[in-house]
Amino acid sequence: MSPTRRPPWILAVLATIGAALFVLPLIGLLGVTPWSDLTSLLTDDVVTDALRLSLVTSIAAAILATVLGVPLAWVLSRIDFRGRSLLRAIVTLPMVLPPVVGGAALLFALGRRGVVGEPLADATGLVLPFSTWGVIIANTFVAMPFLVITVEGAMSSLDGRHEQAAASLGASPLTVFRRVTLPMIGPSLRAGIVLAWARALGEFGATITFAGNLQGRTQTLPLAVFVSLDSNRDAAIAISLMMVVISVAVLVVLGGRWWGRTA
Amino acid sequence: MSESLNGLTARIDVPRSEFTIDVDLDVPFGSTTALLGPNGAGKSSILTTIAGLADIADDAEVRVVVDGRVLTDTSAGTWVPPDQRRVGIVFQEHRLFDHLSVLDNVAFGPRSAGARSSAARRAATQWIDLLDLGALVKRRPHELSGGEAQRVAIARTLAAEPHVLLLDEPLAALDVTTRSEIRRVLRDQLRAFPGPRLLVTHDPSDAFLLADRLLVIESGRITQAGTPDEIRHSPATPYVAALTGTNLYVGRADDGSVELADHDHRFTITDHTLAGAVMLTVHPNAVSLHPAQPTGSQRNTWAAVVEIVEPLGDTVRVTLGGPVPIAVDVTPEAVAALGLRPDEPVWAAVKATEISVSPA
C-alpha cells in the first residue's frame, strides 16, 4: 500500500461502520433464509404473480418515464419560459415527497371521484386506481424525476455547438434532437433509464396507496414482501432474497459498462 | 445598398457592450471575400448572424439576403431558421459528430435534406473522394488528426450543398505544417464552390492567399476594403499596415533559393532542404535600403524604384517597385538621408536569415 493511500484512523473507522450498515442486513437475510424450502416458496402463485407484475410494471414505467421524461428534460434545458424553475421544482418533488403522499395525491387527481379521474372514467370507462395501469402510473410518478434530472443535466452541459453545426447542415430541430442531442447524451440517458427502472422496481408507498394490494393485478414484489411478513415469514424472506439477487445482477451487468463512465 | 440577385449582402448593426458591430457586406457570386481583423473585432458574430445561429438583440438591425432571398430582416420581422438557409459554415473547431463515422458525418447534410441512408452515403462518397478521405470513412472523429478532421468538416459542409460558404477561422486550430496543407485544400475548394464565399481570419497570409477581396475589420467596423494588393500597398490605418505589412510571396524552393511565382526574382534562403512550392514572408523591418549596391555575404540585393513614401506612425512605409514589389519600413531620418522620393532608384537588401519560408 502506498503511503498516500493510508487512511487516517478516524476515517477508516467511520467508513467501516458505514459499510457495515449495508453488509449486516444482507448477512442477516442470508442467515435466516430457508434454503431447503426456497424452490417451493418461490414457485408459489403469490410470488410468481408478483414477480411477473413487478417486471411488467417497472419496465412499462421505465419506458413511459423515458418517452415522457426525455422531452420534458429537453424543454427544461432548452426552452426559456416563465415558470421554468417552478416546473423543474414540481417535477423533482416526488424525489423528496414521501411516496405514500404521492400516492394519495394521485388518488385525489386520478381516482374514480378525482378531478381528472371522474371525467376520464365517464368518457372512457377507464378506472386507474386498483388496476395494473394504476401501478404503472404510480411507478412512473416516483421514477421519472430520476430520469428527468439525469437527462436534463446532460443536455444542459452540452454547449450547443454541435447542434448549431447540425442546424447549419439543414437538420430540422427534431432531426437535431434525434440525431445529435440524444446520441451525445447517450451514456446519461442510459443511466437515467436504469435509475428510473430501479426506482420503479422498488416502489411501495405510492403503489399501495393508489393501486392497492390485489394479487395478480397490483401486488408487486415489495407489496408481497410486506403482506407476507405477517402471514408467511419464510415467503417474505425468499422474496426479499430474490429482489436482492435481481438488484445485484443489474448492478453487475450494468456496472462496468455504465456507472463507471462519466456522462 | 444594392442587393444583387447573385451573391450575399448583409447589413449588420448590432450594439455590444464594448462596441457596435456596424458593417455592410457584399460578397458577389463566385468570389471569396476575407474578413480580416484581430480577435474580438466581431468577425465571428458576423458569420453566426449570417448563418442564423446567433441570437439577435432587440436593438439590433440586421438584414441578410442571399441570391435575392431575404434570410433575416429585423425591420420586417423576417428570420429564416438556420436549417432552411442553405448557408454552410466551416468552424474553427471541426464540430464533427463523434457518434457518427466520417462517412455518416459527411452524409449528415444529404440525410437532413431528406435523402435515404444509401443515397445520402452515395452523395457523401463523392465529397469523400474529392477531398481524398477514402481511407478514413470508417473512423470516428476522435481517431482523426487535426488536419484530417478539418478536411472531413469541409467535406461535410460542402456535401450539404449550401448556397453560401462561410469559414470561421478554419485554419486557426491547426499546427503550422497542417495549416499549409489545409490551406491548399481550402484554396481548391473555394475556387470550385460556385456561390459567394466569406472567410473570417485574423491571419493576413490566409486572407491574402485565399481571398479575392479583403475587408479589414477593427472594433466592429470595416476600416478598409480592397484587393489584397491594394490593401498591402496602401494601408489605411496603422493597424492595417501592421497587420498586412508583411510581404508575402509564393514560389518554388530549390537548394537554398526560391524562384518567385509571380515576379522575376530569386531569393536566397538559409534552408537548403526545402523543395517545391513554398510561401515566403519578409517583414518590412527586415529590408534595408542603400544608395548603391551593398556588399556582404548571404544577402539578397536588388535595384529597385521607389513608388510610394508615406508616414506610418513613427516610421515611414516605403513601397518599392522593380523586379519584386515590397513594402519597407524605415525611419524618417533614413528617408531624408537617402533622398527617398517616388521614381528614384534605390538598392534594397535582405539577409537570408530574415526570410521565413514554409511549405505552401
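From a predicted model like this one, the values you see are computed outputs, not experimental measurements. By convention in this document, chain letters (A, B, ...) are assigned in the order of the sequence lines, proteins followed by strands, and residues within each chain are numbered from 1.
B/Asp129 contributes no side-chain N or O that, together with a main-chain N or O of B/Gly134, makes up a donor-acceptor pair within less than 3.5 Å.
Interface check for chain A: of the options B/Arg86, B/His99, B/Arg156, the most heavy-atom pairs under 4.5 Å are formed by B/His99. For chain A, the option among B/Thr157, B/Ile89, B/Leu96 with the highest count of heavy-atom pairs below 4.5 Å is B/Leu96. When each of B/Gln84, B/Glu161, B/Glu93 is checked for heavy-atom pairs under 4.5 Å with chain A, B/Glu93 comes out on top. Chain A forms more heavy-atom pairs under 4.5 Å with one residue of B/Asp83, B/Thr48, B/Leu53, B/Val90 than with any other, namely B/Asp83.
With a threshold of 4.5 angstrom between heavy atoms, B/Arg85 does not approach chain A through any atom at all. For chain A, the nearby part of B/Phe91 is the side chain; its heavy atoms alone come within less than 4.5 Å. Proximity to chain A is limited to the side chain of B/Leu100, based on heavy atoms less than 4.5 angstrom apart. Of the two parts of A/Ser172, the backbone and the side chain both hold a non-hydrogen atom closer than 4.5 Å to a non-hydrogen atom of chain B.
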Can you list the steps and then say if B/Asp67 with B/Arg69 is a salt bridge (charged side-chain N to carboxylate O under 4.0 Å, His left out)? CA-CA 6 Å; B/Asp67 299 346; B/Arg69 179 175 170 230; over 6 Å; no
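Relative orientation of the A/Trp74 and A/Phe177 rings is perpendicular, given thresholds of 30° and 60° on the angle between their planes.
Counting only heavy atoms from C-beta outward, the side chains of B/Glu148 and B/Leu133 never approach each other to under 4.5 Å.
Here the CD1 atom belonging to A/Ile149 is positioned 11.0 Å from the CZ atom belonging to A/Arg88, to the nearest 0.5 angstrom.
Here the rule is side-chain contact (heavy atoms from CB on, under 4.5 Å) with B/Leu215, and of B/Leu25, B/Asp26, B/Asp24, B/Val23 only B/Leu25 fits it.
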